[in-house]
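Just so it is clear, the model here is predicted, and its values are computed rather than measured.
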Amino acid sequence: MDTLILSRIQFGANISFHILFPTITIALGWVLLFFKLRFNWTGDMKWMEAYRFWVKVFALSFAMGVVSGITMSFQFGTNWPGFMETVGNIAGPLLAYEVLTAFFLEAVFLGIMLFGFSRVPGWLHTTATFLVAFGTTMSAFWIIVLNSWMHTPAGYEIRDGVAFATDWFAIIFNPSMPYRFTHMLLASGLTVAFLIAGLSAFRWLIGDRSNGVRAALKTGVYLAALLIPVQILMGDLHGLNTLEHQPQKVAAMEGNWETGPNVPLLLFAIPDEQARENRMEIGIPNMASIILKHKADGVVPGLNDFVTADGDVLHPPVAPVFWSFRIMVGTGFAMLFLSWAASLLMLRKGRGPEGLPKVLLVAMVPMAFSGWVATLAGWYTTEIGRQPWLVQGVLTTKQAVADVPAPLVWTTLAAYLAIYALLLVAYIYVLFYLARKGVDGELPKPRTPLAGQALNRSVPAE
C-alpha cells in the first residue's frame with residue numbers, strides 16, 4: 001500500500017477511535033443535567049445515585065476523547081499538510097472557535113461538576129453541569145460545521161489555489177450543516193440511551209436492584225424509544241440533502257450503476273467495481289426510487305455517470321459505502337425493535353424493569369455499544385462516500401497527502417492500532433468494573449438544594 005492509502009487508514013483509525021467518546025459525552029452531559037434537575041425537584045436520592053454513577057462514565061469518556069483528539073489534530077500537519085495549505089483560512093478559525101467556545105467551557109466547569117456537589121451551592125453545581133453539557137454540544141457544532149463545509153463548501157473563493165472566506169454565515173450554515181448536526185446529536189443521544197440501558201440492565205441482572213439503577217434503566221429505554229423514530233426521519237431528510245449535493249455518494253449507498261427510473265432497494269448485493277455491476281442481488285422493486293424520489297418511476301443517479309472519458313473514477317469505492325450504510329440502517333432498526341418492545345412492556349405492566357423478560361434484559365447488554373456501531377458505520381458512509389475529494393470539488397485526498405515514506409506511515413499506523421486496541425479494551429473493562437461496583441459509599445449531602453425544601457419531601461421509591 002502506498003502513502004496515500006496508509007495515511008487515509010491512519011486518519012480513519014484515529015477518527016474512529018476518537019469519535020466513540022464525544023459521541024458519549026455530547027448527550028451524556030444533558031442526561032446528567034436531567035438527573036440533577038430531577039433530584040433538585042424531588043429530593044429523591046435515586047436520581048443522585050444515577051448522577052453519581054454516570055458522572056464517572058462521563059469523566060472517563062471525556063478524558064479519552066481529549067487525548068485521542070489531540071493525537072488526531074497533529075495529523076493535519078504530519079499526514080495532510082495540503083489540507084491546511086489550501087483551506088486553512090477556513091478550517092483554522094473554525095477549529096479555534098471550537099477550542100475557545102467549547103473546550104475551554106467544558107474544562108473550566110468540569111471540576112465543579114465532578115467534585116463540587118457537596119462543596120458549592122446546589123445552584124452552582126447544577127449550572128456547572130449545564131455549562132459542561134452546553135460546551136460539549138458547542139464543540140460538536142463547530143466540528144460538524146467544518147466537516148459539513150468539506151462536503152458542501154460555500155461562502156469562499158479560490159485565489160492562487162488557496163481558499164479564502166467571503167461569507168462566514170454561508171460557511172457556517174452551509175447546505176448540509178443543519179442535517180449533519182441534527183443527525184449527529186440524535187446519534188449521540190441514541191448512543192448514550194443504549195449505553196445507559198445496557199449497563200443498567202447488566203447491573204440489574206447481577207442483582208443490583210437499587211432505585212438508582214431502576215431510574216437509569218427506565219431513562220435509557222424511554223429516551224431510546226423517543227429518539228429512534230426521529231433519527232430515522234432525520235436520516236431520510238439527510239439522505240435527500242446528500243442526493244442533491246453528492247449524488248455519487250447516494251449512488252454508491254444504493255449500489256446503483258446506471259441512472260434510471262424504477263431502481264430497486266438492494267437488501268443484499270456484492271458490488272463488483274471491475275465489472276461495474278452487482279452480483280447476487282436481492283432487492284425490493286422500485287423502493288429506492290420511492291424513497292429517494294417519492295415515486296416508483298423516479299430517476300436515481302448511477303455510478304457510471306461519474307467516470308470521465310479518460311477512465312478517471314470520480315465516485316467513492318462502492319463496497320465500503322454500500323455495506324456501511326446497511327450496517328447503520330440495520331443497527332437502527334434493531335434499536336427501534338428493542339427500545340419499543342422494552343418500553344411497551346414496562347408501560348403495559350407498570351412494573352418498570354421487573355416487567356421485562358430476562359431475554360430482553362440480556363439483549364440490552366451487548367446493545368449498550370450499538371450506538372458505536374451505528375455511528376461508525378454512518379461515519380464511514382459519509383467520509384468514504386466523499387472520495388476522491390477531501391473538500392468536495394476543491395481538494396482531493398491525493399493533492400493533500402504528505403510526501404513521506406510509506407514504511408514510516410505503516411510503522412506509526414501499527415503503533416496507533418495497538419495502543420487504541422489496548423485503550424478500548426481497558427475502557428470497556430472499566431465500564432463494567434464500575435457497573436459491578438455501583439455507587440459505593442454514602443452519597444454526599446448537597447449544601448443547598450435548588451428547589452427549596454426538596455430534600456424534606458416525602459417521595460415514593462418509584
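Residues forming a salt bridge (Lys or Arg N to Asp or Glu O under 4.0 Å) with E383 (at least two apart in sequence, or on another chain): R386. Remark: F268 pairs with W323 by the ring pair (Phe, Tyr, Trp, His ring centres under 6.0 Å) rule, at least two apart or across chains. Taking E277 as the reference, R279 meet the salt bridge (Lys or Arg N to Asp or Glu O under 4.0 Å) condition, with sequence neighbours excluded.
Looking at heavy atoms from C-beta onward, I158 lies out of side-chain contact with V162 at the 4.5 angstrom threshold.
Remark: F134 CZ is loosely packed, at most 12 non-hydrogen atoms of other residues, nucleotides or ligands lying under 6.0 Å away. For CZ of F337, the number of neighbouring non-hydrogen atoms (other residues, nucleotides, ligands) closer than 6.0 Å is 12 at most.
Atom CG of N147 and atom CD1 of I15 lie 8.5 Å apart (nearest 0.5 Å).
The ring-ring contact (aromatic ring centres under 6.0 Å, His included) contacts involving residues 169-193 comprise F141-F181, F169-F173, H183-H238, where partners must be two or more places apart or lie in separate chains. Sorted by first and then second residue, the ring-ring contact (aromatic ring centres under 6.0 Å, His included) pairs with a member in residues 290-309 form an empty list; sequence neighbours excluded.
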Sequence neighbours excluded and cut-off under 3.5 Å, please list the side-chain donor-acceptor pairs for residues 57-69, or say none.
| from | atom 1 | to | atom 2 | distance (Å) |
| --- | --- | --- | --- | --- |
| S61 | OG | V57 | O | 2.8 |
| S61 | OG | Y427 | OH | 2.6 |
| S68 | OG | H18 | ND1 | 3.0 |
| S68 | OG | M64 | O | 2.9 |
| S68 | OG | G65 | O | 3.3 |

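Judged by distance alone, the side chains of E157 and T166 never bring a donor and an acceptor atom under 3.5 Å apart. Between the side chains of N262 and D297, no donor-acceptor pair of N or O atoms lies under 3.5 Å.
Geometric assessment of R203 against the ring of F53 yields a positive cation-pi assignment under the 6.0 Å and 45° thresholds.
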